[in-house]
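Step one of this worksheet: look at the structure below.
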Amino acid sequence: MYTFYFEKLEVWQNARKLVKEIYKVTKNFPDEERFGITNQIRRACTSITANIAEGVSRNTNKDKSKFINIAYSTSIEVINFLILSWDLDFISEEKYIELREKTELITNQLNSFYKSLE
C-alpha cells in the first residue's frame with residue numbers, strides 16, 4: 001500500500017493521535033452535548049488532519065500555506081473547546097492539561113511548517 005506524504009509528517013501523526021484521544025474523552029460528555037461541544041471539538045480535531053492532508057497535496061507553497069494556516073486556526077479552536085470542557089467539568093484538570101499540551105505541540109509544529117512555506 002502506498003504511503004502518502006502527509007502520512008509521513010509528524011504533525012499529521014500527532015494530530016491523528018489527538019483525534020483518537022478526543023473521541024475517547026468525549027464519549028463521557030453529557031448526552032445533551034452530543035450536538036454541542038462534543039460535535040464541535042470532534043469536527044475541529046478531524047479538520048486539523050484533513051487540512052494538513054489537503055494542504056500538502058497542493059502544488060504551490062501559497063496554496064499549501066493557506067491550508068496549514070487553517071489547520072493552525074482549527075487547533076486554536078480545539079484549545080478553546082478544551083478550556084470550555086474543563087470549565088464545565090466535562091474533563092478533569094489533569095486531562096485538560098494533557099490534551100492542551102498535545103494540542104499546543106501541534107500548533108507549534110503547524111506554525112513552523114507554515115513559516116517554512118513562506
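- Between Arg100 and Ile79 the shortest side-chain heavy-atom distance falls below 4.5 Å.
- By the criterion of side-chain heavy atoms lying less than 4.5 angstrom apart, applied directly or through intervening Ile, Leu, Val, Met, Phe, Trp or Tyr residues, Leu9 is grouped together with Tyr114 in one hydrophobic cluster.
- A donor-acceptor pair is defined here as one N or O able to donate and one able to accept, closer than 3.5 Å; such a pair exists between the side chain of Asn51 and the backbone of Ser47.
- Note that CD1 of Ile48 is 10.5 Å distant from OG of Ser73, once rounded to the nearest 0.5 Å.
- Hydrophobic clustering (side-chain heavy atoms under 4.5 Å, transitive across Ile, Leu, Val, Met, Phe, Trp, Tyr) keeps Phe67 apart from Tyr72.
- Within the 4.5 Å cutoff, side-chain heavy atoms of Glu98 are placed close to those of Glu21.
- The two residues Ile76 and Thr107 have their closest heavy-atom pair at CD1-CG2, 4.0 Å.
- The nearest pair of heavy atoms linking Ile22 to Leu99 is CD1-CD1, 4.1 Å.
- With contacts defined as side-chain heavy-atom distances shorter than 4.5 Å, the pair Arg42/Thr46 does not qualify.
- Ile106 and Ile70 sit in two unconnected hydrophobic clusters of ILVMFWY residues. Membership requires side-chain heavy atoms under 4.5 Å apart, directly or through other members.
- With rounding to the nearest 0.5 angstrom, the CD atom of Glu54 is 9.5 Å from the CG atom of Asp63.
- Shown here for Leu18 and Lys102, the closest heavy-atom pair between the two residues is CD1-CB, 4.4 Å.
- Residues passing the side-chain contact (heavy atoms from CB on, under 4.5 Å) test with Ser92, sequence neighbours excluded: Glu94, Lys95.
- Ile41 and Phe35 fall into different hydrophobic clusters, defined by Ile, Leu, Val, Met, Phe, Trp and Tyr side-chain heavy atoms under 4.5 Å apart, directly or through other members.
- Here the closest non-hydrogen pair linking Leu110 and Ser75 is CD1-OG, 3.5 Å.
- Between Val19 and Cys45 the shortest heavy-atom distance is CG2-O, 3.5 Å.
- Pairing each heavy atom of Ile52 with each of Ala71, the nearest pair is CG1-CB, 4.1 Å.
- Ring geometry for Phe4 versus Phe6: interplanar angle under 30°, hence parallel rather than tilted (30 to 60°).
- Counting only heavy atoms from C-beta outward, the side chains of Leu88 and Ile37 approach each other to under 4.5 Å.
- Note: Gln40 CD to Thr26 OG1 = 12.5 Å, rounded to the nearest 0.5 Å.
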Worked verdict on Trp12 versus Val56 for side chain to side chain contact (heavy atoms under 4.5 Å, CB included): CA-CA 11 Å; Trp12 183 84; Val56 299; over 6 Å; no
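- Under the ring-ring contact (aromatic ring centres under 6.0 Å, His included) criterion, Tyr23 pairs with no residue at all, not counting sequence neighbours.
- Screening Lys64, Lys62, Arg58 for a side chain to side chain contact (heavy atoms under 4.5 Å, CB included) involving Thr60 leaves a single residue, Lys62.
- Residue pairs meeting the ring-ring contact (aromatic ring centres under 6.0 Å, His included) criterion with at least one member in residues 75-103, sequence neighbours excluded, are Phe29-Phe90, Trp86-Tyr96.
- Taken to the nearest 0.5 Å, the OG1 atom of Thr49 stands 12.0 Å off from the CG atom of Asn14.
- Looking at Arg16 and Glu7, their side chains never come closer than 4.5 Å, going by heavy atoms from C-beta outward.
- More than 12 heavy atoms of other shown residues, nucleotides or ligands fall within 6.0 angstrom of atom CG in Asp87.
- Atom OG1 of residue Thr103 and atom CD of residue Glu77 lie 12.0 Å apart, to the nearest 0.5 angstrom.
- Interatomic distance, CG of Leu82 versus CD1 of Ile97, reported as 11.5 Å (0.5 Å rounding).
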